[in-house]
Protein chains: 2
Amino acid sequence: MGSLAAHRLRVQAMTQQKAGNPEPQVSSARDKVLERRRTILAAIRDAAIDEFASKGLIGASTQAIAQRAGLTKPQLHYYISSKEELYEDILVYILDEWRELFLTASTGDSPAEVIRAYVHKKLEYGRRNPKASRLFTTEIANGAPVLGRHWAPYQASTLEAVRLIQSWVDQGLVRPVDPLLFQMHIWAVTQHYADFEVQVRNMMHLGDGEEPDYERIEKEVASLFLRALGIE
Amino acid sequence: MGSLAAHRLRVQAMTQQKAGNPEPQVSSARDKVLERRRTILAAIRDAAIDEFASKGLIGASTQAIAQRAGLTKPQLHYYISSKEELYEDILVYILDEWRELFLTASTGDSPAEVIRAYVHKKLEYGRRNPKASRLFTTEIANGAPVLGRHWAPYQASTLEAVRLIQSWVDQGLVRPVDPLLFQMHIWAVTQHYADFEVQVRNMMHLGDGEEPDYERIEKEVASLFLRALGIE
DNA sequence: AATTAGTTTGACCGATTGATCAGATCGTTT
DNA sequence: AAACGATCTGATCAATCGGTCAAACTAATT
């Protein structure tokens with residue numbers, strides 16, 4: 001359960017401000033140290049996401065993670081407690097980012113607006129964080145052995161979206177669909193563009209420099225689900 | 001490029017029938033040996049699919065593969081030439097099975113029939129071969145470093161399906177869609193049910209013994225794409 | 001100048017990795 | 001019975017794995 005930053009007692013202790021020491025000078029020096037540490041931990045996290053995403057939990061080596069982060073192996077182990085815990089921490093970290101990647105609606109938004117916004121948000125995240133996206137896919141495809149203990153928030157957000165879609169159906173705003181499956185389908189299609197970028201590029205016959213036409217993709221994906229709801 | 005069966009010259013040599021030796025007796029003895037080998041190779045393949053699917057190329061160990069196949073490690077290495085080649089052979093083997101998993105139509109089939117048949121076929125394969133399905137997903141998600149050299153047939157089948165869908169659009173049988181993206185979307189959704197079974201089960205709140213309602217899933221998935229085409 | 005907390009280093013641990021080898025073993029064919 | 005090709009086995013290889021350790025180092029506090 002340890003956070004990336006504080007896996008050892010002494011490190012944890014240092015994080016707390018000493019009592020009765022309000023001078024800004026002292027705190028400035030401490031802040032310098034803390035920020036340096038934060039920088040290193042961020043580098044470790046980025047390196048680990050890369051490694052884990054392309055090799056998996058078992059295939060990834062701490063050696064390689066250290067190298068990517070510009071550290072030596074013992075140095076890395078000074079900041080983390082174990083490979084498994086680092087992996088779990090990173091999964092939780094990404095999962096936390098994903099809380100906002102669910103169907104949500106402000107009052108007054110039409111179903112079409114909600115779907116379009118969701119598709120846009122999800123595709124954009126995948127385009128900007130392909131590694132994180134693939135790390136998740138690999139974990140889930142392998143049976144979610146680690147993630148399994150952490151997707152309570154995931155379920156909660158899902159349930160909320162289910163209720164939203166069901167309310168559309170009940171009000172007769174859209175054609176009837178299974179809310180849960182419908183949501184999973186959106187997830188599947190948008191996720192596809194992040195996880196299978198190579199396949200997409202290949203099937204589109206794109207060169208190394210070229211980028212997929214994300215505008216057209218977004219339109220087409222949104223259209224798929226809007227038509228299914230009978231609102232396009 | 002070695003096949004699973006013949007990575008060594010002597011093994012390869014034995015596969016060929018001796019010239020001028022047509023007796024069924026002799027060939028029966030030889031056949032016995034050959035069939036035994038075939039059995040072992042099949043066991044290796046199944047074991048390797050399991051291992052590679054859940055650990056990835058790097059994470060999988062020949063030790064574990066041997067154990068799953070009921071062999072010792074040196075015994076396994078007698079039949080395969082290297083872990084990498086075994087992995088590649090298996091990818092090609094699965095890819096070959098997938099040739100039939102594309103949109104195809106006999107003359108006279110309506111678009112709705114074709115889509116429904118495709119969704120059915122694809123979902124069923126995923127349900128019956130989840131490991132092979134996930135092995136592929138992991139490989140592609142990791143940038144298809146090995147598969148990259150082998151998906152020419154894949155591309156060909158894709159192109160055929162693109163032409164088929166485009167012809168529907170041109171004839172005014174369906175609402176206009178991007179044929180390539182449309183096909184990828186079907187692929188993405190159906191693949192999802194194989195690769196993310198854990199997630200699906202979790203979101204459906206299924207116990208260990210319960211199975212997802214594949215009939216409803218199939219109906220809902222087909223409906224999604226039929227509505228997008230304006231034919232439901 | 002001495003002390004201290006935080007960090008880095010190189011050497012090292014037992015375990016496991018993919019793979020090889022010579023020799024033993026097996027069933028068939030001569 | 002001898003000879004043969006095919007297969008199996010235990011021992012073993014260098015390389016790498018995740019992780020630890022004491023000692024050296026650095027920078028700030030006293």
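In what follows, chains carry the letters A, B, and so on, assigned in the order in which the sequence lines appear, proteins first and then strands, with residues in each chain numbered from 1.
Taking atom CD1 of residue B:I58 and atom P of nucleotide C:dT16, one finds them 20 Å apart after rounding to whole Å. Straight-line distance from the CD1 atom of A:I44 to the C1' atom of C:dT7: 13 Å, rounded to whole Å. Distance B:H77 NE2 to D:dC13 C1': 13 Å, rounded to the nearest Å. Between the CD1 atom of B:I40 and the C1' atom of C:dC26 there is a distance of 13 Å, rounded to whole Å. B:R36 places its CZ atom 10 Å from the C1' atom of D:dA6, with the value rounded to the nearest Å. Counting to the nearest Å, the P atom of D:dG19 and the OH atom of A:Y87 are 15 Å from each other. One atom, CD of B:E35, and another, P of D:dT7, lie 14 Å apart when rounded to the nearest Å. Spacing between atom CD of A:Q63 and atom P of D:dG19 amounts to 13 Å, rounded to whole angstrom units.
Applying the 4.0 Å criterion to OP1 and OP2 of C:dT8, one finds that A:T72 has every side-chain N and O outside that range. OP1 or OP2 of D:dG18 lies within a sub-4.0 Å distance of a side-chain N or O belonging to A:T62. At the phosphate of D:dT9, OP1 or OP2 sits under 4.0 Å from a side-chain N or O atom of B:Q75. Phosphate proximity of D:dC8 to B:Y78: absent, as no side-chain N or O sits under 4.0 Å from OP1 or OP2.
The pair A:R216-A:E220 does not meet the salt-bridge criterion, since no charged nitrogen lies less than 4.0 angstrom from a carboxylate oxygen. Under a 4.0 Å N-O distance rule, the pair B:E100/B:K121 does not qualify as a salt bridge.
Both A:P74 and A:A64 lie near DNA chain D, and the one whose nearest nucleotide falls closer to the 5' end is A:A64.
A:E124 and A:Y214 are not linked by any side-chain donor-acceptor pair at a separation below 3.5 angstrom, with hydrogens and angles left out of the test. Residues A:K122 and A:Q191 bring a donor and an acceptor atom of their side chains to less than 3.5 Å of each other. Counting only N and O atoms by type, the side chains of A:E88 and A:H150 include a donor and acceptor under 3.5 Å apart.
Within 4.0 Å of B:A60, counting heavy atoms only, lie sugar-phosphate atoms of the nucleic acid but no base atom.
In the interface, the side chain of A:K73 is paired with the base of D:dG19 through a donor and an acceptor atom under 3.5 Å apart.
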